[in-house]
Structures are given as C-alpha cells and as structure tokens.
**Q** 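Just passing along the structure, written as structure tokens.
All chains are named by letter (A, B, ...) in the order of the sequence lines, taking the proteins before the strands, and each is independently numbered beginning at 1. Worth saying up front: this structure is predicted, and the values here are computed from it rather than measured.
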Number of protein chains: 2
Amino acid sequence: MATSKKHIFLDEEIKIAEIAKVLSHPARIAIIRILLKKDCICKEIVEELPLAQSTVSQHLKELKKVDLISGEIEYPKICYRINRTMWQKVQNDLIKLFKSCC
Amino acid sequence: MATSKKHIFLDEEIKIAEIAKVLSHPARIAIIRILLKKDCICKEIVEELPLAQSTVSQHLKELKKVDLISGEIEYPKICYRINRTMWQKVQNDLIKLFKSCC
DNA sequence: ATTATTCATCGTATATTTACGATTAACAAT
DNA sequence: ATTGTTAATCGTAAATATACGATGAATAAT
C-alpha cells in the first residue's frame with residue numbers, strides 16, 4: 001500500500017469550521033446571547049461586557065462577516081440584530097454534521 | 001447612567017466557545033467525519049488527509065483534550081473512536097444555545 | 001461652525017494556532 | 001539485541017487572533 005489520494009478539505013468542512021470559529025470566543029457567544037434577548041447598539045454591549053469599545057466592534061465585525069448579525073444605521077447609533085435566517089442555517093449545518101453520526 | 005456592572009464571561013459561554021474552537025478547523029471536522037464512519041488508527045487518517053503525521057497527531061490531541069474522541073492502545077497502533085456520549089453532549093450544548101433564540 | 005455622541009478603523013503588542021521535520025517512545029517480531 | 005511500525009512529543013517558523021488606545025468618520029443638535 002504505497003501512498004494515497006491526498007485531497008484537500010471539502011467545502012462543507014471548511015464552512016462548518018468557519019462558523020465554529022466565529023462561535024469560538026466567549027465574547028462572541030456573550031454578544032449573541034445579548035442580541036438574542038433584544039436588539040442593541042454597540043454601546044449597550046460594551047456596557048455589559050468587560051471589553052473596550054474597539055474590541056467589541058471587532059467582534060461585531062466578525063459576526064457580521066459571516067452574516068450572523070446585521071447592523072441598521074441610525075446615526076450616530078447602529079442597531080445590531082441577530083440574522084435569524086443565518087442563525088437557523090448555522091443550526092442546520094451543525095445538526096447536519098451531527099446527523100452523519102448514527 | 002454612569003457606568004455598569006462589568007462582569008466576566010459565564011461558564012456556559014466559555015464552555016460553548018471551547019467546544020466551538022475544537023470544531024473550528026477543517027482538519028478536525030474532517031477527522032471527525034472520518035471517525036464517524038469508522039474507528040481508525042492515526043496512520044489511516046494521515047493517509048486520507050494532506051497533512052503530516054505530527055500535525056494529525058496534534059489535532060487528535062485537541063479532540064481528545066475535550067473528550068470528543070478516545071484512543072485505545074494496541075501497540076504500536078492506537079485505535080481512535082468518537083466518544084458518542086460527548087458528541088451527543090456537544091449537540092445538546094449548542095442546541096441549548098440555539099433554543100434561547102425563539 | 002461647533003460640539004457631542006457613537007462606532008469603525010488603524011497601529012501595535014502579545015498570545016495562540018498551525019504546520020512541519022526530527023526525534024523519541026513503545027512495543028512486536030525476529 | 002536488532003529491526004520495523006506506529007504514534008507522541010519537541011523545537012521552531014509563520015500565520016492568525018485578540019486586545020487596547022488613539023484617531024477618524026458620520027451625523028444630530030445647538
């Protein structure tokens with residue numbers, strides 16, 4: 001048995017990993033939980049978490065990058081909310097992985 | 001409204017983030033999928049993935065650290081398998097987070 | 001125009017992750 | 001004892017993530 005058909009990772013594997021990465025920081029889980037309760041502006045989140053405003057903003061950016069949240073501009077505020085469709089999709093993707101179990 | 005009750009992250013948030021972190025690399029998702037199909041020794045996984053043996057071993061260590069897999073020694077091989085109980089728990093934890101949604 | 005408010009971005013320092021090759025450890029078989 | 005097989009660990013380089021303060025951008029209110 002010489003060697004092998006080395007292949008690259010599957011798209012699905014990459015996508016699941018991407019979503020998991022977004023969920024892989026307590027601050028982002030905390031932000032999601034806050035937003036699940038109610039839509040918030042960045043400042044409100046900053047006041048609930050022991051993090052600088054710039055740091056929270058960065059986490060929000062990550063969440064926005066994968067479309068888990070969206071922000072509606074009402075200058076100078078930006079109202080963040082969970083993207084329920086995407087949130088459902090995250091669940092489906094993960095559950096799909098789970099399903100390949102038994 | 002001066003400032004606020006800054007608190008640290010909740011245990012639950014940390015735990016979910018920890019699990020998500022383990023799932024946040026395509027290689028580890030790939031390894032899980034391989035092991036969901038059948039128990040494998042490290043060498044078999046190395047042959048299926050475009051990664052060095054030491055790298056796969058490191059990923060296996062991560063998965064083992066959170067108890068998602070276990071390894072049974074049959075020198076010089078080690079047979080890895082999914083810890084179904086833990087795998088179920090991961091699902092429950094994530095679904096619990098999802099549930100706080102609607 | 002100036003001021004106040006909110007948030008994003010920039011620059012940067014530090015820590016963590018990821019990957020690899022080389023080596024070591026643990027045995028089985030000879 | 002030597003050899004072969006498998007996997008863990010070590011050392012290390014490169015990339016990525018995380019955090020913060022400082023600054024800049026966008027507007028509303030004065």
Side-chain angles (χ1 to χ4, degrees), chain A residues 1-4 6-9 13-14 17-32 34-35 39-66 68-81, chain B residues 1-4 6-9 13-14 17-32 34-35 39-66 68-81:
Chain A
M1 189 235 306
T3 341
S4 47
K6 310 242 149 161
H7 61 72
I8 221 59
F9 301 117
E13 288 163 356
I14 293 169
E18 260 175 22
I19 292 166
K21 176 168 282 175
V22 171
L23 300 176
S24 76
H25 195 291
R28 289 192 289 268
I29 298 294
I31 290 173
I32 288 174
I34 289 170
L35 291 179
D39 301 347
C40 286
I41 65 172
C42 177
K43 185 173 186 279
E44 292 172 309
I45 296 170
V46 171
E47 281 166 359
E48 286 216 37
L49 299 179
L51 293 172
Q53 179 267 322
S54 58
T55 305
V56 169
S57 203
Q58 220 166 8
H59 283 306
L60 287 169
K61 191 180 178 185
E62 295 296 312
L63 291 167
K64 214 160 46 176
K65 202 170 68 186
V66 299
L68 258 179
I69 67 173
S70 64
E72 189 187 341
I73 299 173
E74 317 168 25
Y75 274 112
K77 306 172 181 180
I78 296 183
C79 182
Y80 285 101
R81 61 174 52 89
Chain B
M1 184 237 304
T3 342
S4 46
K6 312 240 148 165
H7 60 73
I8 221 59
F9 301 116
E13 289 164 355
I14 293 169
E18 259 174 23
I19 292 167
K21 176 167 282 174
V22 172
L23 300 177
S24 76
H25 195 293
R28 288 192 289 270
I29 299 294
I31 289 172
I32 288 173
I34 289 169
L35 290 179
D39 301 347
C40 286
I41 64 173
C42 176
K43 185 173 186 280
E44 292 172 309
I45 297 171
V46 171
E47 281 165 359
E48 286 217 39
L49 299 179
L51 293 172
Q53 180 266 321
S54 57
T55 304
V56 170
S57 203
Q58 221 167 3
H59 283 306
L60 287 169
K61 191 180 178 182
E62 295 297 312
L63 291 167
K64 212 160 48 176
K65 202 170 67 187
V66 297
L68 258 179
I69 66 173
S70 63
E72 189 187 339
I73 299 173
E74 315 168 27
Y75 275 115
K77 305 171 182 181
I78 296 183
C79 183
Y80 286 100
R81 59 174 54 89

**Q** I want to verify a distance call: between dT6(D), dA22(C), dT18(D), whose nearest atom is closest to the Arg28(A) side chain?
**A** dT18(D)

**Q** Just the rounded figure in Å: distance from P of dT17(C) to CG of Leu63(B).
**A** 14 Å

**Q** Using whole Å, report how far NZ of Lys61(A) lies from C1' of dT18(D).
**A** 14 Å

**Q** Can you label the angle between the His25(A) ring and the Phe9(B) ring as parallel, tilted or perpendicular, going by 30° and 60°?
**A** perpendicular

**Q** Nearest to the side chain of Ile41(B), heavy atoms from C-beta on, is which of dT6(D), dC7(C), dC20(C)?
**A** dT6(D)

**Q** With a 4.5 Å limit on heavy-atom distance, are the side chains of Pro50(A) and Ile8(B) in contact?
**A** yes

**Q** Counting only side-chain heavy atoms from C-beta out, which of dT9(D), dT6(D), dC7(C) sits nearest to Lys43(A)?
**A** dC7(C)

**Q** According to a strict under-4.0 Å criterion, is His59(B) in side-chain N/O contact with OP1 or OP2 of dT17(C)?
**A** no

**Q** Run through Ile45(A), Leu68(A), Leu63(A) and flag the one making a side-chain contact (heavy atoms from CB on, under 4.5 Å) with Leu35(A).
**A** Ile45(A)

**Q** Report the nucleotide, chosen from dA19(C), dA19(D), dA22(C), that has the shortest atom-to-atom distance to any side-chain atom of His25(B).
**A** dA19(C)

**Q** To the nearest Å, how far apart are Ile73(A) CD1 and dA28(D) P?
**A** 12 Å

**Q** Please check the phosphate of dA26(D) (OP1 and OP2 only) for any side-chain N or O of Lys77(A) closer than 4.0 Å.
**A** no

**Q** Report the nucleotide, chosen from dA19(C), dA22(C), dT18(D), that has the shortest atom-to-atom distance to any side-chain atom of Gln58(A).
**A** dT18(D)

**Q** In whole Å, what is the span from the CZ atom of Phe9(A) to the P atom of dT18(C)?
**A** 11 Å

**Q** Among the candidates dT9(D), dC7(C), dA19(C), find the nucleotide nearest to the side-chain atoms of Ser54(B).
**A** dT9(D)

**Q** Look at Glu62(A) together with Lys65(A) and state whether they make a salt bridge at an N to O cut-off of under 4.0 Å.
**A** yes

**Q** dT18(D) P sits how many Å from Glu62(A) CD, rounded?
**A** 7 Å

**Q** If each of Lys21(A) and Pro76(A) is mapped to the nucleotide of DNA chain D with the nearest heavy atom, which maps nearer the 5' terminus, i.e. the 5' end?
**A** Lys21(A)

